[in-house]
Structures are given as structure tokens and as C-alpha cells.
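Read the structure below first, then the notes.
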Amino acid sequence: DGNVLAAANSEVHICSETDQLIALSSCYNIVFEGGLSKNDKCTKTLDSDIKVNGSINVKNYTTLAAGSHTISLGGNLTITTYGDFINGTSTLELNGSEKQILSITPNRALYNLTINNSSPTSPQIDLGSGIKVTGNLNLIKGKLHSTSSSRLILAGAKSTIGNADSYVIGEMERDGSGDFVFPIGSERGLAQIGISGTGATSYFMVAEYRNSKPQAAGILDEANVQKI
């Protein structure tokens with residue numbers, strides 16, 4: 001494993017045109033690049049957990065393969081149209097002290113996502129693109145803002161139920177089966193929604209907490225609602 005002295009705003013470029021195994025345990029900003037075209041790509045594979053105090057940028061026909069490792073990130077994650085991400089069984093932990101932005105295009109899948117952001121300004125996490133989590137969502141500290149165009153989707157994933165300091169603001173989608181508690185709320189506070197007894201082997205459901213009466217928002221069809 002290697003360390004780079006993480007001076008503020010310093011940046012490491014992993015930019016060989018060939019595939020590389022990355023044994024780097026800490027740095028400030030890091031850029032993964034090196035691919036030349038859609039027919040001449042390269043993959044950078046993590047060989048250990050990595051702590052990035054700043055931001056991660058994956059671009060230029062380059063793939064970041066995370067394996068089973070943990071990426072501890074203090075800044076933003078940007079994977080451009082010409083970058084890619086292979087999540088494996090990895091964990092992305094967002095543990096910054098300022099607002100963080102996740103923007104992953106075109107591959108929107110993470111495996112485990114942990115929110116542990118200590119910024120005093122809510123929401124602490126913004127989505128620059130839709131994000132899919134397939135393993136576990138772990139909410140410790142910090143609120144995540146999700147919208148209809150940049151939505152958090154749990155695709156068969158499990159989730160903690162949230163707490164007063166950490167939950168999802170806005171629309172959240174769950175694709176799966178069985179009972180589930182949506183860890184959602186608004187700026188006013190946590191307002192979980194529990195789903196049980198659907199009887200379906202699989203379903204997808206979108207939940208959002210709004211500070212208004214359902215009838216006034218035009219989202220409740222009372223004639224077809226059996227139970228709430």
C-alpha cells in the first residue's frame with residue numbers, strides 16, 4: 001500500500017493507457033483516466049481500501065473497479081459519460097464535512113452506500129444523477145436529497161430506517177419484495193413510511209414525504225385507497 005501526503009487541493013492522476021492495480025491508501029483529489037477511445041479503454045482496479053479527502057473523478061474511457069474495498073470520500077464523486085464504475089461488493093462512505101455531490105453517468109450502480117456527513121447545512125448530499133444501490137444503504141449522519149430526475153433507487157437493497165440526523169429528502173424508489181421502511185422525511189424532520197403485507201413477490205414503489213394534505217397535492221385517489 002502507498003500513501004500520498006494529502007495536502008489540501010493536491011491531485012493524483014492515475015493516467016496510464018494500460019490497466020493498473022491501484023495500491024494507494026490515501027490522497028486528497030484523485031483522477032482516474034488514460035483510455036483513448038471506446039475501442040481502447042483501460043481499467044483501474046483498487047487493491048486496497050482508499051481514503052480520499054477531496055474528490056474522485058473517473059473519465060476518458062476509463063473504468064474504476066472497486067472490488068470488495070471501501071472508498072472513504074470527503075468530497076464529490078464524478079463519473080463522466082466516458083468513465084465507468086464496477087461496484088463489485090464495495091462500500092462508498094460519504095464522510096465529508098461540507099456538501100457532497102454524487103454524479104455517476106452512465107453506470108448508476110453502487111453496492112453499499114454509507115452516509116456519514118457532518119456538514120451543518122442540510123441537505124448534506126446531493127445527487128447529480130440517478131443513483132442505484134444494490135447492497136445496503138447505511139444512514140448514520142447527513143440528509144440525502146433525491147428528486148424525480150435524480151432519484152435514489154434501492155434495487156433489492158436493504159436499508160437502515162434512518163434517524164433524526166440522517167434520512168432521504170424527496171423521492172425515493174425501492175425495487176424488491178417483502179416489508180420495508182422508507183427512511184424519508186423533509187426539512188421539518190424524519191417521517192418514515194412502512195410498507196408491509198403486499199403479498200407481491202416483487203414490486204417497485206416510490207415514496208416521498210410532503211408537507212401538505214394529500215388531497216390538496218392531488219396525489220390521493222380516495223375512491224381506490226383501501227388502507228393506509
*asked:* Exactly one of Leu73, Ile131, Thr114 should register a side-chain contact (heavy atoms from CB on, under 4.5 Å) with Leu92. Which one does?
replied: Leu73

_Enumerate the ring-ring contact (aromatic ring centres under 6.0 Å, His included) contacts for residues 143-180, please, sequence neighbours excluded, ordered by first and then second residue._
Phe180-Phe182

*Report yes if some heavy atom in the side chain of Phe85 is under 4.5 Å from a heavy atom in the side chain of Leu77; otherwise report no.*
no

*asked:* Taking Glu171's backbone N and O only, do any of them form a donor-acceptor pair with Ser146's side chain (distance below 3.5 Å, no angle check)?
replied: yes

*Could you give the distance from OG (Ser122) to CD (Glu187), rounded to the nearest 0.5 Å?*
3.5 Å

*asked:* Tell me every residue that passes side chain to side chain contact (heavy atoms under 4.5 Å, CB included) with Ser166, counting only those two or more places apart in sequence or in another chain.
replied: Ile115, Leu139, Asn163

*Hey, is the main chain of Lys141 close enough, under 3.5 Å, to the side chain of Asp165 for a donor-acceptor pair?*
no

*How about Thr91 and Tyr111: do any of their side-chain heavy atoms sit closer than 4.5 Å?*
no

_If the condition is side chain to side chain contact (heavy atoms under 4.5 Å, CB included), which residues does Ser37 pass it with, not counting sequence neighbours?_
Asn39, Asp40

*4.5 Å side-chain heavy-atom contact, Leu127 and Thr147*: no

*Roughly how far, to the nearest 0.5 Å, is OH of Tyr209 from CD1 of Ile184?*
9.5 Å

*Indicate the atoms forming the closest heavy-atom contact of Asn87 with Ala66, along with that distance.*
O-CB, 4.2 Å

_Test: salt bridge (charged side-chain N to carboxylate O under 4.0 Å, His left out). Region: residues 92-103. Which pairs qualify, not counting sequence neighbours?_
Lys99-Asp126

*Members other than Val181 in its cluster, when Ile, Leu, Val, Met, Phe, Trp, Tyr link by side-chain heavy atoms under 4.5 Å?*
Ile161

*Distance, nearest 0.5 Å, that separates CG of Leu137 from CE of Met172*: 5.5 Å

*Look only at the side chain of Asp19 and the backbone of Thr43, and say whether a donor-acceptor pair between them is shorter than 3.5 Å.*
yes

*Find the distance between CD1 (Ile30) and NZ (Lys44) and round it off to the nearest 0.5 Å.*
10.5 Å

*Is a donor on one side and an acceptor on the other found under 3.5 Å between the side chain of Ser55 and the backbone of Asn76?*
yes

*So which pairs with a foot in residues 127-138 pass side chain to side chain donor-acceptor pair (under 3.5 Å), sequence neighbours left out?*
Asn112-Asn136

*Apply side chain to side chain donor-acceptor pair (under 3.5 Å) to the pair Gln124 and Lys143, showing each step before the final yes or no.*
CA-CA 5 Å; Gln124 286 79 6; Lys143 302 174 184 68; 4.8 Å; no

_side-chain contact (heavy atoms from CB on, under 4.5 Å) partner of Thr62, chosen from Ser16, Cys15, Cys42_ = Cys42

*Donor-acceptor contact below 3.5 Å, side chain Arg174 vs main chain Ser177*: yes

_Is it the case that the side chain of Tyr203 and the backbone of Gly178 share a donor-acceptor pair, with hydrogens and angles ignored and the cut-off at 3.5 Å?_
yes

